[in-house]
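Below you'll find the structure, written out as structure tokens, and then a few comments.
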Amino acid sequence: MTGTPLIVNALGQLDNPNSARSEAAAGDLNPSGEQITVDARTLAEARASGLTAVNITLGYVMGDLEPYEHTLHEIDVWDDVIARHPADLLKVTTVEDIRTAARDGRVGVIYGFQNAEAVGDDASRVATFAERGVRVVQLTYNQANRLGGGSMAPGDTPLTAFGREVVEALNDRHLMVDLSHSGERTCLDAAVHSRAPISVNHTGCRALTDLPRNKTDEELRLVASRGGFVGVYFMPFLNPTGHARAADVVEHLAHAVNVCGEDHVGIGTDGPVTAIDDLDAYRERLAEHVAKRREAGVSAAGERADTFPFVVDLRGVDQFRELIRLLERRGFSSGRIEKIMGRNFVDYAARVWEA
């Protein structure tokens with residue numbers, strides 16, 4: 001295809017993982033925004049990659065921090081990051097902001113949660129988060145919480161009564177209900193209960209790799225049938241060995257398109273544009289980090305010290321162009337590729353944010 005299409009990463013990172021600060025933060029279970037490095041390299045490489053917008057994770061995910069206060073602080077941190085880089089970054093609260101970022105050559109930053117624990121026991125906090133610019137709320141991380149089951153909870157753990165209340169509050173405020181990391185029944189329950197289309201912003205296909213972080217065809221089909229969105233990640237869960245490659249990303253995208261239709265599938269890499277430079281040194285840190293996650297009970301099946309949490313041959317500034325090249329080789333049309341790389345997410349955002 002000619003030119004670079006709109007590229008929207010439904011779950012990713014803005015960070016330079018090679019900085020001393022980010023290397024130190026990589027070992028923490030819940031690093032703060034201050035530990036992330038948004039430097040000249042981060043910004044230059046994100047723009048050079050063709051990235052139009054990215055949903056970042058901010059706020060509480062796990063650990064001993066107070067979820068609500070920590071999350072409000074993280075919003076302040078990211079507001080400050082964006083304010084310091086107005087020529088490079090744009091806070092996204094509307095679909096038009098994504099189009100503006102594309103026109104201006106900036107990177108749109110979408111505020112998202114990977115755990116709704118910050119809501120506490122008060123669904124009215126959803127309104128506070130919406131007013132502060134949050135646009136994506138993932139209900140659970142890998143473990144169960146008061147809303148429902150995560151991927152490592154028993155698969156029949158339902159969406160709770162409070163979970164239904166939170167979904168309704170998210171619908172009322174036109175925020176995305178993200179079922180990434182959720183258990184199967186919680187995902188199915190939420191998809192049915194939500195009045196608005198829901199998403200699974202970063203996942204794989206369990207029909208290809210039978211791991212709990214991946215979604216079954218039943219989940220994928222239901223999400224799509226209700227007007228939702230499914231983003232495929234660049235993660236080890238795409239291959240039974242844990243050593244996922246670019247070819248695996250293509251296979252999972254192809255399967256998702258077959259199940260969901262080409263209007264409901266995109267990418268949610270779960271990683272940054274800037275690649276780790278020294279993989280040998282990273283391997284040593286990785287083992288310690290995986291051990292910490294296991295000890296804390298927050299890891300997922302398939303996380304191992306000998307597998308990178310990314311696709312090793314789909315990294316860096318050329319990752320999106322390389323994926324486009326592989327999809328072309330697979331026989332995908334330019335129109336289908338444009339949908340996968342960003343247009344489907346934008347259309348989904350319009351169905352939720354502008355409903």
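The pair R321-D318 meets the salt-bridge criterion, since a charged nitrogen lies less than 4.0 angstrom from a carboxylate oxygen. By the 4.0 Å N-to-carboxylate-O rule, D39 lies too far from R41 to be salt-bridged with it. Taking the charged nitrogens against the carboxylate oxygens, D88 and R106 have no contact shorter than 4.0 Å, which rules out a salt bridge. Salt-bridge check for D97 with K91: failed, with every basic side-chain N at 4.0 Å or more from each acidic carboxylate O. A salt bridge links E96 to R99: at least one charged side-chain nitrogen sits closer than 4.0 Å to a carboxylate oxygen. Taking a cutoff of 4.0 Å between a charged side-chain nitrogen and a carboxylate oxygen, R213 and E303 do not qualify as a salt bridge. Residues E168 and R195 are not paired through a salt bridge, judged by the lack of any N-O separation under 4.0 Å between the basic side chain and the carboxylate. Residues R283 and D278 are not paired through a salt bridge, judged by the lack of any N-O separation under 4.0 Å between the basic side chain and the carboxylate. Under 4.0 Å is where a charged nitrogen must lie from a carboxylate oxygen, and between R285 and E288 no such pair does. Using a 4.0 Å cut-off between a side-chain N of Lys or Arg and a carboxylate O of Asp or Glu, R132 and D76 qualify as a salt bridge.
Checked against a 6.0 Å centroid threshold, the rings of Y282 and F310 count as neighbours. Proximity of the aromatic rings of Y60 and Y141 is defined here by a centroid distance below 6.0 angstrom, and this criterion is not met.
Annotation: cation-pi geometry not satisfied between R351 and Y348 (NZ/CZ under 6.0 angstrom from ring centroid, within 45° of ring axis). Note that R125 lies in the cation-pi zone of Y68, set by a 6.0 Å cut-off to the ring centre and a 45° limit from the axis.
One side chain, S194 or N171, offers a donor N or O that lies under 3.5 Å from an acceptor on the other. For the residue pair N201/S180, the side-chain donor-acceptor check at 3.5 Å is not satisfied. Under the 3.5 Å distance criterion, with hydrogens and angles disregarded, no donor-acceptor pair is assigned to the side chains of H181 and N115. Inspection of the T216 and E219 side chains reveals an N or O donor paired with an N or O acceptor under 3.5 Å.
Following chains of ILVMFWY side-chain contacts shorter than 4.5 Å, one can reach I340 starting from I7, so the two form part of one hydrophobic cluster. When hydrophobic clusters are built by joining Ile, Leu, Val, Met, Phe, Trp and Tyr residues whose side-chain heavy atoms come closer than 4.5 Å, directly or via intermediates, V232 is grouped together with L179.
Looking only at distances, no side-chain donor or acceptor of D80 sits under 3.5 Å from a matching main-chain atom of V77.
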ask   = After noting the C-alpha distance and the side-chain angles of H202 and Q114, does the key distance pass the side-chain hydrogen bond (donor to acceptor under 3.5 Å, both in side chains) rule?
value = CA-CA 11 Å; H202 62 298; Q114 279 205 69; 3.2 Å; yes
Evaluation steps, salt bridge (charged side-chain N to carboxylate O under 4.0 Å, His left out), between E328 and R325: CA-CA 5 Å; E328 288 175 331; R325 187 182 67 81; over 6 Å; no
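Ring orientation note: the planes of F234 and F320 are tilted relative to one another, at an angle of 30° to 60°.
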